[in-house]
Every structure is written in structure tokens, then in C-alpha cells.
Protein chains: 2
Amino acid sequence: MLLLTTAIALALSAIPCCLSIWPIPRSFDSGNQIIKLSNSFDISINFTNPPQDLLDAVARTKDAIQTDQLGRLIVGRGSSDSEAFGSANTFHNLVLTIEQRAPVVRPIATEAVASLDTRDESYSLSVPLDGSAGVVSANTTLGLLRGLSTFEQLWYTYSGTIYTSYAPLTITNDNPAYVYRGFMLDTARNFFSVSDIKRTLDAMYLVKINTFHWHITDSQSWPIQIAQFPELAQAGAYSANQSFTPEDIQDVVSYAGERGIDVLVEIDTPGHTAIIGASHPDYVACYLSDWITFAGEPPAGQLRLADATVANFTAEVLAAVAKSLPSTMFSTGGDELDTACYSADEPTQMILNETGRTLFEALDDFTATTHGALHTLGKTTVVWEEMVLEYNTTTLRNDTIVMVWISSDDAAAVVQKGYRIVHAPSNYFYLVSINLKSSFLYMLIAVLFKDCGAGEWIGNDPTGNSWCDPFKTWQESYTFDPLANISSDQVSLVLGGEQLLWTEQSGPENLDSIVWPRAASSAEVFWTGDTLPDGFDRVGNISEALPRLHDVRYRMVQRGIKAIRLQPEWCALRPRACDG
Amino acid sequence: MLLLTTAIALALSAIPCCLSIWPIPRSFDSGNQIIKLSNSFDISINFTNPPQDLLDAVARTKDAIQTDQLGRLIVGRGSSDSEAFGSANTFHNLVLTIEQRAPVVRPIATEAVASLDTRDESYSLSVPLDGSAGVVSANTTLGLLRGLSTFEQLWYTYSGTIYTSYAPLTITNDNPAYVYRGFMLDTARNFFSVSDIKRTLDAMYLVKINTFHWHITDSQSWPIQIAQFPELAQAGAYSANQSFTPEDIQDVVSYAGERGIDVLVEIDTPGHTAIIGASHPDYVACYLSDWITFAGEPPAGQLRLADATVANFTAEVLAAVAKSLPSTMFSTGGDELDTACYSADEPTQMILNETGRTLFEALDDFTATTHGALHTLGKTTVVWEEMVLEYNTTTLRNDTIVMVWISSDDAAAVVQKGYRIVHAPSNYFYLVSINLKSSFLYMLIAVLFKDCGAGEWIGNDPTGNSWCDPFKTWQESYTFDPLANISSDQVSLVLGGEQLLWTEQSGPENLDSIVWPRAASSAEVFWTGDTLPDGFDRVGNISEALPRLHDVRYRMVQRGIKAIRLQPEWCALRPRACDG
């Protein structure tokens, strides 16, 4: 028995540690030898006139390598590595180079918002064993940035020595399988400060998430100050301290851009707009009416979409926000219209009768007006899936991007209509519970999916369980297959996906722990794609992924991002010892 | 429609706000008028030689009232209250008085660890409307402390003015329905610092939780330094920085005692002890063997209980820890013995054969030895339910306290055997998932209860769902009935209950948000009991409780405890508007 025990213990400790990068590069050749980082380590740029945001990114990378101070996740946290320090070479310099130089090397922030079909995040990276210079090469500054985020993850600290255990390392043409890799934050149910968002962007950068989907308003609050429409935030923000000034928005956009992150702002319309009634009561149907009858969650109220005045007002609001944003995309939402509300709303019924339209024909007109204003600004419009699958909106432009949220099963139907999609399925990617659905739809979803995981928040439900229990674990998210039921000729319509935090029960207090590291699951799903570098399927390969996810989680914590523990530390230090 | 809408809006805003105290006093008479706190407000003590920890508690209360700066949870956060500031009276002084003075007024810390049958936490409190002095009266300093925690919750701040909206207020003989109201933290699966624990004790004080059940060791790590057995932490702590010195333990005990909190330390034995094998491999069966076969979770290993040397060693370890603790209680654990491990362990089988005992007869001897050492120190021993219901241990003293965790349904069976119980049922009070059960027991529990809510943590389960999903919401915990299936003549055996955080997937990063305010649910269940002050049943009365729970949550956040949001802020400011 004792002999057996010892053998098992040795076997566990002898498992070689994989390259702990998240997301894992699509192709690499990694050694397991140690080189130390020179005290005078520097990163040099071998082309002229590098943009300022690349210089800033280099400075941040150099700083992170010094300050991470992460002990490697093995028993002893690197004490066994230290035996090789005496004989190990020293790494002095990393060189950044642009391979196929464009006429002008553009800033990271510019490349980060390039149109989806031209965006280039690819890079190659080498860290030789002999102490000669390493290289990150790319076609764009955005690619260089992705290389830097990989490079940062190579380094551990033991007793004052910074080193990597993965030398020699060669990563050749690492590039994302999908162009859209997002994270969505709802800043309306509960408010989050600019600093909360920046901390989140830091974590997104680390795992190469490239889109911040900012669900900025909803029925509960309007936290965005718009110069032309000051009344919206004055009446609709929880308080002046709980709203974003135009400068705040630009601050977030700049911070994101420098980290290679596109900011996709969503002003959800015509539903999810009750709070507009606080300043424009005539524009909102069912304002503060019984929510159980007229809304998916409290408070009730949605824009009187049939009213041309309301449509024009909405278009002006959207354009006022969109015109100052560099992204090519803007989301108008379009989910969860409550038709019972409109049926009971006399002004809506009067207009529909006068104009001889059905509600959804009026929605076609509303959409033409609001999307038209955004198209004039050069924006590609983004909507939730109901606009296509439920309302059959006829006035969507062909290049509209559709977010699939109700179920992953709906993706194929949207693609079959020819639209590009972003996967945001509640049954894989919802980080916490979302609005309660009223009526039959709710019951159906509850029975079909049983997702999300922080319980019910409606006040007087004694069980407190949610339609979207249980918790969507990182493992479940990680098994997502982006191409399930998608025919091969429609693969190009799948842009990628995102994990989402609806904030009925979240706030700054639990932001980090409810999001990280879970939201890193989809970052790898959509960067690495379906096949791991070793040729094995990624889907379902939890054992391979877990040690790397531990690693990036512990690194996040070193950076002040309070990511949740995945296992007892005993397991984190012993890869696969806690597999079942 | 518009008229109807307005009427509803008015109705919502007109709902009177209840006295927002958590836990709600068992008997009170509250007004809804405003008095302001004087700038020179003071708390005076009308008896001689008050103990230092009472003086400290008074200073903390005065400080908290100044620094909480909590805006009342109504629309405008108190702007409507401010209209009455001009005509409102000013409150200058709160007097603390001991009603039935004992020969000596004892410190709070002494009263906090008084034996359960003599502990006295009752108090009365008055805050007159006319500006005359308020009074907290009690039989003990511990009662005065409970009065102070109530008093602190009365005060809001608007635009620099501190005021209460509950005047005049009279609370008469508020006292707990149950003597044991606990919170359990596991500091072994993942480590928590002394400052994490102190912050938790602050929150416990606020909601009158009076027992910190410190599950200090487990199979994954041994974070307690014991002078006589230094090897245990040297080999078993995750690192020297991740262990508690004797001074740390005393620091926690003192901090807790000053806040009226008894510290019940648990050294779980003979199971949940694999890590002892790191320093004493001969004492541990199945050490690091295949956990799926030999343990409920990784790593495998449990004390060779049949070995008298091991029993004596264990008794010495327990005594070494217990002797320096002021509590009358000490827990030896006793849960989840893996019999397959002992069956396969040759040394154990050899000893059982030699001594002609069954495993459970050997457990009787082990228990007699270990509990005996604790009884010698004057401790009352505490165990998990299996010791009574599954192993039928014959050597438990009659005054043993039994914690019921597998299911609330097991409480009646333990009481019927004449033991006192603490409710800690996984199906109501587990704040997050616990160790995976192997074998049939696991399957059975999974089917029966489906609790807890952060998913599975075993490495290679692609769904990642846990036996204990979904999340145990505060609402579900709040509906717990301590006397379900307990016959009236056995009611006195029900000491109370506790919520529990097992930390497979928790650490300092999410401690506050996973615990608070959910752990406040049981605080009210066991303080207020089954009947609310208005005579209505507490059980299931979520609507009444929610606004008060919001209030204490927002107050916790003001105190730096990152309690999770229960609803969108829109709902928190509008009591009952988000009820279904």
C-alpha cells in the first residue's frame, strides 16, 4: 500500500507542465527548459515612428513582467525550478517587428476598430534558449499587442528571479479562429464605475478578448449623459455619481482601444426602455404599469415604436451616442418586446389603426428610421435574435449582425437567413441570471434550459430559484461548439461569440469574481477554435485546459483582478491530480 | 392608461417603510418620524467600571454612525426626508445601563463564551421623539452590544445630516429565539488571511451572528501552526504565509470576543486529514491513493483511527489547540469516513484483526480517546451527524452537540437520540458547493437535493454541474423551519443553526460576495424565530424581509464588506415594486 502510494505520488509530480498560455496558441513548439529574465531586460521596436499606444503597451508589458510576481503553479511554487537557475541562460531582449509593413504603421487603437473583414491580430513569437533576442513579428500593431499578451504569460518569479520554464519557444502565426471575441457588461441594472470597467478591460486584454459589448442602458436606469438629451440621465440615472459623462465614455473607449479592444455600445430599443418614461412619459407605453402583465421584469415600459415622433427621437438619441464612437458597430438591441403591453396601450393602438399597420410592420418602420440614422454614420447595426426569428423584421440591412441569446439552437436558423451571428447563448455563456421571462416563453425556456446560477431576484419567490439555474460553469462554456448545425458554406457568417453579465444581482462588489476566469472560456473557444495545437479536439478537453486556466487566474489575481478560485490550491499545484 | 400609471406610481411611493433592522427585533413599537443626530452625540455608561471591551464597542458604534454615510433606500435617497429636518428634534445621548447587575459586570468577550444555557444576549432599546436621552438596557455587556448593533442600523445620512426615520422607537426585551447562530468558514481548501476573517466577523456582528465555526484544517492543507507539532504546518500549509500562528489565532479569538462572537474551532478527524500524511505518513491510510476509489474528494487519506498511537497523537493535537481557546465548545468533525479506504488499508486491517474489533468499534475507542482529552479541558465536543446516524458511535457523551449537514430531514433523527443539534443542512444553508461524494451516497444526494450552486470543481467533468446545484438563495435559506418534525418536548435540543462556506471554489477574492448578505438569512431565522413582530409567520415572508435585507447589505458595503446585490438598484429603492 505504501509502495503504491509513493508510486502514485511520483507519477503525479512527474506530469510535465504544458505551456500555460490562455488562450493557447494555435500552433507552437515549446521546450521545458529554464531561462532567466535579465535585470536589464528591454523590449525594442525595429521600425521607425512606432505609434504612441504601442510604446505604451510595451511599457505596460515590461511593468507587468516585473510586478506579476507569480509563483509557478507546481508544488514548491518554483523551488524545484530554482535548482536550474545557476546554469540557465539569461534573456535580455525582445524585438518587435512588423512583417509586411503597410504604408503607415497605424496605432493599436485604430487596428482594434478596423472592419471585421480586414482586422489582423496574427503574430509570431520566439524565445530562444541560448539567450539571444526574442522576436514578436506581426502585420499590424494589433498583432504585436497580441504577441505581448502571450509573452507576459511566460514569466514566473521565484525568490526574486524572473524566469520562464518554456524555453525554447516558437509560436508561428498564432491568429484567432474567430474575429469577434467579446464580453458583455450591463451597466444599467446596477451601476459600474469607469475604474470597474478598466479593470475588466485589463483582464480582457490578458486573454485576448477583443470586443467590449457595453449594454449601457436598460429599463432600470439610464447612466449615459448625452449633451443633446440631458434629461435622460438627469431623470434616469440612479444618481449623478452613477452616470457616465461623454468624457467617461471616451476614457473607456481610449483605454480599450490601446488594449486592442473594440467597444460595441448597445442602446437597447424599443424594449428595455422604461426609464425613458422618467423624462419622456409620452414616449413610453405601459410606463410603471403592472410588470407581471406588461413586461419581462420590473419596471414595465417600452418605447411607443409605432409613433413616428418616438422613432425620430430614438434615432437622434442613438446617433448622438454613436457619432462619437470609433467602432464600426452599434447595437440597437431589439429583444423581448412585450406585445401585451402594446395591445393594451391606447396611443399605440390608435396609431396602428390610423396607419393601417400591424405592430411588426410598425417595428419595420421604427427599425428603418433608427438603423438608417446609424447607417448614415457608417455604422454596422447589431441586434438580438428576436428581430430576425420572432419579429421577422423586413428592414434590416443584409450586413446586420445578429446576437443569438435565447438558445444556441437558434444559431442555425439565423445563419440560414443569411445574417452574420455572434454566439451569446444563455445556455452556455450567461454568467448570471437574466431578466425573468413572463408568460409561456418563460415557462418554455425554464423547462428547456434550466440555466444560469445566482437564483431568482423577484422579491417574493420563496424558493428563489431562477429559470436560468444552475450556474454556467467555465467547463460548460468551454465545451461550446461554434459551428454546431452550421453548414460548411455558412461558416463565414459565424463571427464569434461572447459571455455576458446581466447585472440584476451583480455590482462592483462581485464583478471580478462572477466574471473571471469564467469569461476566459469563450476567449479560448473563439481564439483557438475547435482543434488544439496537439491536434486533439478542444471541445470537452477540460483536463488539458484546467491547469492553464488556473495559471491565468492566478496571474489575474496578481494584477488585482479578483478572479474566483476554480479548485482547492492543492489541486491547482498538481495538474490532473483532482481529475475524476 | 396614463391615469392608471400615475396611480400605480403613487401607490408604490406611498408604501410606508418598515423598520429596517436585520435581524428584526422580536418585539418593537416604531414610529416613522425623523430626529437628527446631534453633532455632539455621545453614548454614556451609567455604571461604574465598565469593561474595556464595552468602551471599545461604544467607540466603534459612535464611529460607525459617523462613517456609514448610508443614504436611505428610497427614491431620492433621503431628499424627501430632508424636508422635515428643519422641524425635527435632535438626539443627543444614548445611555447604556445594566438592568439586573451581576456582582461584577463582565467583559463582552467573557459573556460571549458563556455556556450556552446561561448566555444572555437580551436587551431593550428606546429612542424617544422629543430629543431626550435614549436607553439601551440589558442584563449583560453582551446584551448591551446587541443593542448597539441594532442602534447602528437606525441611522441614515442625507447631505451631511445623520438622522433616523423610525422615531419614536421602543424595543422591549429583544432576545434571540436560538442561542447558536453561526457562520462556518473552511480555511483549508483555500486559505484566508486574518484580515479576511476579521472583515467577516465585522459583518457577523452587524447581524448578531454569535458563533464563528472555524473549519480550520482539511485534507488539502493544514494552516494552523501548533507549537508542539510544528511539522504539521511546515509540511501541510500551502506556504508559511498561508498559515495561522498561535498569535493569529488569539488575534481572531479576541477580535471575535469583543464583537460578541464565540469561536468554535474544528479540527476534522479522523477523515479529512490526508495532509497529516505529509509529515506523518504512517498515521494516514490511503495517503494520496486514487481518490475516486478511496475518498470523497482529492486528495485521499484519513487517519488510521484503529491505531492507538494515532488516536493518542490526535488527542494531543486537539488538546494542544483547544487548551488556548476560551470557547466551551470544540469540534472534532467526524464526517465522511471512507470505509473502502480502511478496508483496503493493511495496517488498519491488521490492527482490527489483532484487537478483534470492527472499524466502528475502533472508532468508538478513537472517539473516547480524542473526546476524552477535550473533556479533560472542560470542552463540550461537537461532531457532524454521521457520528450519530451512520457510525452509531457509542462513546459520545450525552452533551455532545451534533451538526446536521446532509439534509434537514436528518435533524429529527438526531434529536430523537437525545443529542442537541445545530442546523447546518446542505439543502438550505450551504453557500457554495462542497466536496463531491463518491459512490452511491453521492448519487443519492445528487438525486435527492440538487443543491448548491457554483458548479463542479473536479477537473474533467465537461458539464461542470455539481450535486449541490442550484445556488442556495437567501430566500430558500430564509424559509428554513428549525422545528420541522421536532416534537414539542425536544424543542430545547435545537440550539440553532449556521450557514457554511466550503472553499473548494472560494478564496479571499469572492469571500464577501459569496457569503453576504446570504448568511444573514439564518441570522434572522435563529434570532427572530418563527414569528415576526407583527404576528405573521416569518417563514416564507420574503416580501417583508427583502427591503430590510437590502438595507443591511447596502450598510455592509458602506463598511467595506463587498456583499452582493440582491436586485437592480431600481428595486432596492422601491420596496415591493419588484415583487411578482
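Note on naming: letters A, B, ... go to the chains in the order of the sequence lines (proteins, then strands), and numbering restarts at 1 for each one.
Across all non-hydrogen atoms, the minimal contact from I564(A) to Q505(B) is CG1-O, 3.2 Å. Closest non-hydrogen pair, N190(A) versus Q567(B), comes out as ND2-O, 3.2 Å. The nearest pair of heavy atoms linking A577(B) to P298(A) is O-CB, 4.0 Å.
Put simply, of K562(B), E569(B), E544(B), R77(B), the one with the most heavy-atom pairs under 4.5 Å next to chain A is E569(B). The most heavy-atom pairs under 4.5 Å with chain A, out of S506(B), G507(B), P299(B), G277(B), come from P299(B).
From E297(B), atom CD reaches atom SG of C578(A) across 8.0 Å, with rounding to the nearest 0.5 Å.
A donor-acceptor pair is defined here as one N or O able to donate and one able to accept, closer than 3.5 Å; no such pair exists between the side chain of W291(A) and the backbone of G580(B). For the pair W570(A) (side chain) and Y238(B) (backbone), a donor-acceptor distance under 3.5 Å is absent.
Only the backbone of A563(A) comes within contact range of chain B, with at least one heavy atom under 4.5 Å from a heavy atom of that chain. Heavy atoms closer than 4.5 Å to chain B are found in both the backbone and the side chain of N510(A). Only the side chain of Q242(B) comes within contact range of chain A, with heavy atoms under 4.5 Å apart.
A 4.5 Å side-chain heavy-atom check between R553(B) and E509(A) finds at least one atom pair inside the cut-off.
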